[in-house]
Structures are given as C-alpha cells and as structure tokens.
Amino acid sequence: MRPEFAAAAGAACRARARMDNKRVDIKIVEVGARDGLQNEAARVPAPVKIELIERLAACGLPEIEATSFVSPKWVPQMADAAEVLGGLRPTPRVSYPVLVPNVQGLERAVAAGADHVAVFTAASDAFNLRNINCDIAASLERLRPVVARARQAGLRLRGYVSCVLGCPYQGEVRVADVVRVSAALAGMGCDEISLGDTIGVGTPAKARAMLRAVAGEVPMARLALHFHDTRGQALANIYACIEEGARTVDASVAGLGGCPYARGASGNVATEDLVYMLHGMGLDTGVELPALVETAQWISHRLGREPASKLGRVSKL
Ligand code: HMG
Ligand code: MG
C-alpha cells in the first residue's frame with residue numbers, strides 16, 4: 001500500500017481485517033446479483049443467478065448480495081429470492097446478504113436461510129414514496145421491528161441510505177438529512193451503513209464532504225460507499241472517499257444494474273474496474289481480477305450484451 005493510503009487505513013482497516021479474519025485493505029461488497037439483476041427487463045432464470053453468485057464467490061469476493069425479499073408486485077425480478085438463496089452452497093469465507101424491506105421480507109429471508117440482511121431507506125421523502133411507499137419517518141418506524149428481530153436472531157445487519165448525493169424526484173438532498181438517516185439506522189442497530197449515490201450525480205468534492213459529515217456521527221469503519229456510475233463519476237468519487245478513510249465499497253460485476261424506481265439510473269461502479277484501480281493503488285482486495293473479468297464477460301453474454309465496464313471490453317488486462 002502507498003504510504004498516503006497506509007496512514008488513512010489506520011485502526012478501521014485493522015479492525016475490519018481482524019473481523020473478517022482476512023487481511024484485505026478494501027472490502028468489496030458485490031451487489032450485481034441483486035442491484036444489477038433487479039433491473040433487467042428480461043427474466044433471468046434462478047440457476048443463472050446462482051451460477052453468477054458462485055462464480056463471484058470463486059473470484060475471492062467476501063460478500064455477495066444475493067437477492068432481495070421485497071414485494072414481487074413491486075419488483076418481479078426478485079420473486080425467486082428463496083430459490084436463489086436456498087440454491088447457494090454455503091461457503092464459510094463468503095457471506096450472502098439479502099435485502100428486506102419489512103417484517104414480512106425478514107421472515108421470508110430467514111425461512112430461506114439468510115444470516116445476513118440489509119434494510120433500506122433514503123434521505124429523500126420523494127424517493128422513498130416511490131420506492132417503498134412511505135416517507136422517511138414512516139420507513140424508520142417500519143424498519144425498527146425488522147432491525148430488532150434481526151438482531152435478536154443474531155443476523156448480521158446492513159442499512160442502506162439512498163439518494164445521499166441527490167434525488168431523481170427532489171433534486172438536491174441536504175447533507176444533514178443523510179447524516180440524520182444514517183445515524184438513525186446505526187442507532188437502531190445496523191452494523192454497517194451503505195451510502196447510496198442512487199443516480200450517480202455526485203462528484204468527488206461533494207462525495208468527500210458528505211462522507212466526512214456522516215463519519216462525524218457514525219464511525220468510518222461502519223460506512224460503505226454505494227456509488228452508481230450514471231455520469232461516469234463513481235471511480236473518482238470512490239478514490240476521493242478512500243483518501244477520506246472509507247474502506248468498504250459496493251460494486252456490481254460488469255456494471256450491471258440500476259434501480260427500478262430511479263429512471264435512467266445505471267449500475268454501480270463495475271467491480272472489475274474498481275478492483276483494477278484499487279490494485280493499482282497498492283490496495284489489496286483479495287479478488288482475482290482475471291477470473292472476475294471472465295465472470296463479467298460470462299454474465300454479459302448470458303444477458304446478450306457487452307459488459308458496461310471498461311475492463312470487460314479489453315482483451316488484455
Ligand atoms: P406496499 O404496497 O405499501 O406494502 O409496499 P403492503 O404492506 O401494503 O403490501 C402490499 C402487498 O405486497 C401485499 O400483498 C403484501 O403481502 C405484499 P397482497 O395482500 O396485496 O396480496 N408484500 C410482500 N410480499 C412479499 N415480500 C414482502 C412483502 N411486503 C409486502 N417483503 C413495500 C411496500 C416496501 C413492500 C414495497 O414498496 C416494496 O417491496 N418495495 C421494494 C422496492 C425495491 O425493491 N426497490 C429496489 C431496492 S432499493 C435500491 O435498489 C437502492 C439501493 O441499491 C441503494 C442505492 O442505490 O441507493 C439499496
Ligand atoms: Mg443501488
């Protein structure tokens with residue numbers, strides 16, 4: 001690792017390395033099978049999803065968000081959640097978190113074998129109303145019993161905050177609202193808070209300022225970056241936030257995805273482009289890049305298109 005990053009890594013990184021019992025500098029949370037495939041117009045069969053997740057696990061990714069137990073009326077692409085989660089071979093090294101929007105979703109997830117769940121809300125009332133049919137305050141009330149039950153059951157728990165750098169319906173989102181919602185989820189008992197630039201409107205200085213403000217209330221070691229790449233800014237934003245001390249980054253293989261309730265949103269930063277940048281910075285991720293690129297090309301081929309990543313399109317790494 002380069003000295004300027006070594007200093008920033010500090011205690012947070014050592015704590016995480018101990019927690020995961022594995023020495024990586026940056027933990028990547030792969031979200032393509034959920035955030036990516038929830039947005040596919042064509043139905044992707046469950047066996048293809050399972051194969052994708054298992055290929056990603058074989059690449060060395062430590063955490064792979066597998067699916068979501070949301071209402072199939074809202075997101076039919078995730079109606080096979082139980083089949084997908086239930087079809088995965090348990091791998092001690094890999095965790096398979098799943099999204100749950102309410103108690104009903106949590107019960108379905110636990111019945112299907114989940115031991116790691118993620119709840120979600122946004123820093124924008126307008127977005128929440130379209131995505132989960134209630135405003136911020138009501139969403140936090142809805143999530144309170146979900147979080148309490150998940151903790152009681154000993155599940156690992158992540159909380160997402162969407163629209164941290166802007167909202168497709170409201171426009172600007174106040175940093176104070178991002179801080180407030182993040183602190184509320186952390187205070188309820190979410191181990192990790194993932195900060196979502198849902199529509200990829202952020203730029204590095206804005207992303208860095210937002211992260212610094214949230215880190216004033218929730219320790220940096222508990223924060224993750226979840227940056228969609230709609231305007232090509234995701235890698236630059238991540239670089240700035242790593243300089244700021246962030247050590248967990250969400251990414252989507254082949255840049256799959258978007259959000260069904262954020263029109264025009266494109267996928268998260270592509271995992272292979274992220275890994276290429278991080279390894280170039282001397283930061284270890286534990287991920288095997290050639291196998292990951294092959295996986296990006298494989299799933300893109302299955303979906304009948306070119307990878308959205310840069311690396312997926314070059315023939316020589
Ligand atoms: P609602 O319609 O207000 O809920 O939706 P409801 O409680 O009135 O239920 C309506 C019907 O759905 C009922 O069925 C329920 O049983 C059923 P009916 O009686 O009409 O036959 N239902 C469920 N079925 C299965 N599983 C469940 C469930 N819940 C209710 N869990 C609700 C509210 C939150 C459920 C709905 O709005 C929803 O599911 N929204 C999810 C939308 C979504 O998945 N968006 C994408 C994920 S978020 C994202 O991508 C952002 C992120 O990546 C971060 C970032 O990028 O910023 C995380
Ligand atoms: Mg997302």
Side-chain angles (χ1 to χ4, degrees), residues 29-40 65-82 85 97-112 114 117-124 126-136 138-143 145-146 149-150 158-170 173 178 181-182 185 190 192-202 207 210 224-230 234 237 249-253 255-271:
V29 178
E30 169 61 48
V31 297
R34 191 280 302 170
D35 205 345
L37 299 185
Q38 74 182 4
N39 212 35
E40 283 299 314
E65 201 170 68
T67 182
S68 70
F69 290 83
V70 297
S71 170
K73 290 184 179 147
W74 285 65
V75 184
Q77 292 89 336
M78 297 283 113
D80 58 4
L85 187 64
V98 298
L99 235 58
V100 297
N102 52 17
V103 169
Q104 193 177 343
L106 179 68
E107 284 170 353
R108 288 177 57 214
V110 169
V117 297
V119 296
F120 56 103
T121 182
S124 154
F127 182 80
N128 266 348
L129 285 166
R130 285 174 175 83
N131 193 41
I132 51 174
N133 206 21
C134 64
D135 63 15
I136 298 172
S139 77
L140 293 174
E141 281 319 301
R142 182 190 281 166
L143 294 180
V146 181
R149 284 199 199 193
R158 158 178 266 221
Y160 278 104
V161 183
S162 287
C163 301
V164 299
L165 295 170
C167 169
Y169 308 110
Q170 169 185 317
V173 170
V178 179
V181 177
S182 302
L185 289 178
C190 291
E192 181 173 84
I193 305 298
S194 179
L195 301 165
D197 182 9
T198 316
I199 52 168
V201 280
M210 179 278 300
L225 312 171
H226 180 101
F227 292 168
H228 286 258
D229 198 29
T230 319
N237 295 344
V249 186
D250 299 357
S252 176
V253 66
L256 295 176
C259 173
Y261 293 96
R263 202 150 56 88
S266 63
N268 284 86
V269 65
T271 317

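One-based numbering along the sequence shown. Worth saying up front: this structure is predicted, and the values here are computed from it rather than measured. Read the numbers this way: they start at 1 and go in the same order the structure lists the ligands and their atoms.
Ligand-side atoms of ligand 1 in range of N133: 1 (P), 2 (O), 3 (O), range being under 4.0 angstrom from any heavy atom. The contact set between ligand 1 and D35, taken as ligand atoms under 4.0 Å from a residue heavy atom, comprises 50 (O), 53 (O). Atoms of ligand 1 lying under 4.0 Å from any heavy atom of G196, numbered from 1 in the order shown and given with element: 57 (O). Against a heavy-atom cut-off of under 4.0 Å, P101 is close to the following atoms of ligand 1: 31 (N), 34 (C). Close approach to H228 involves these atoms of ligand 1, each under 4.0 Å from a residue heavy atom: 56 (O). Set against the non-hydrogen atoms of F120, the atoms of ligand 1 under 4.0 Å away are 48 (S). Distances below 4.0 Å separate heavy atoms of N131 from the following atoms of ligand 1: 37 (O), 40 (N), 41 (C), 42 (C), 43 (C), 45 (N), 46 (C), 48 (S). For ligand 1 and P72, the ligand atoms under 4.0 Å from any heavy atom of the residue are 24 (N), 25 (C).
Computed with the Mg ion (ligand 2) at the centre, the H226 NE2 to D35 OD2 angle is 80°, stated to 10 degrees.
Of the polar atoms of S71, at least one N or O is found under 3.5 Å from an N or O of ligand 1, judged by distance alone. Ligand 1 has no N or O atom lying under 3.5 Å from any N or O atom of R142, backbone or side chain. Inclusion of D197 in the set of residues having an N or O under 3.5 Å from an N or O of ligand 1 is not warranted. By the 3.5 Å distance cut-off applied to N or O atoms, T198 is counted among the residues near ligand 1.
Defined by atom type and a distance below 3.5 Å, a donor-acceptor pair is present between the side-chain atoms of R34 and Q38. A donor-acceptor pair shorter than 3.5 Å cannot be found between the side chains of D35 and S252.
Minimum interatomic distance between V100 and G105 (heavy atoms only, all atoms of both residues): CG1-O, 3.5 Å. Across all their heavy atoms, A33 and M78 have their closest contact at O-CE, 3.8 Å. Among all heavy-atom pairs drawn from S139 and T121, the shortest one is OG-OG1, 2.7 Å. The two residues A270 and G255 make their nearest non-hydrogen contact at CB-N, 3.6 Å. Nearest approach of Y169 to A126, heavy atoms of both residues: CB-CB, 3.8 Å. The two atoms that bring Y160 and A118 nearest to each other are CE1-CB, 3.8 Å, heavy atoms only.
The minimum distance between the Mg ion (ligand 2) and any N, O or S atom of H228 involves atom NE2.
Two residues are said to be in side-chain contact when any heavy atoms from C-beta on lie closer than 4.5 Å; M210 and D197 fail this criterion.
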Check against side-chain contact (heavy atoms from CB on, under 4.5 Å), D250 and V29: CA-CA 4 Å; D250 299 357; V29 178; 3.4 Å; yes

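With atom 25 (C) of ligand 1 as the reference point, the heavy atom nearest to it among R108, Q38, R130 is part of R108. Relative to atom 54 (C) of ligand 1, the option among G36, G105, S162 with the closest non-hydrogen atom is S162. For atom 35 (C) of ligand 1, the choice among V146, V161, N102 with the nearest heavy atom turns out to be N102. If you check each of R34, H226, K73, Q104 against atom 24 (N) of ligand 1, the one with the closest non-hydrogen atom is Q104.
Proximity of M78 to ligand 1, defined as any heavy-atom pair under 4.0 Å, is not found for any part of the residue.
Heavy atoms of L99 approach ligand 1 to within less than 4.0 angstrom.
No side-chain donor-acceptor contact under 3.5 Å links E192 to the backbone of S194.
Atom CH2 of W74 is separated from atom CG of N131 by 7.5 Å, given to the nearest 0.5 angstrom.
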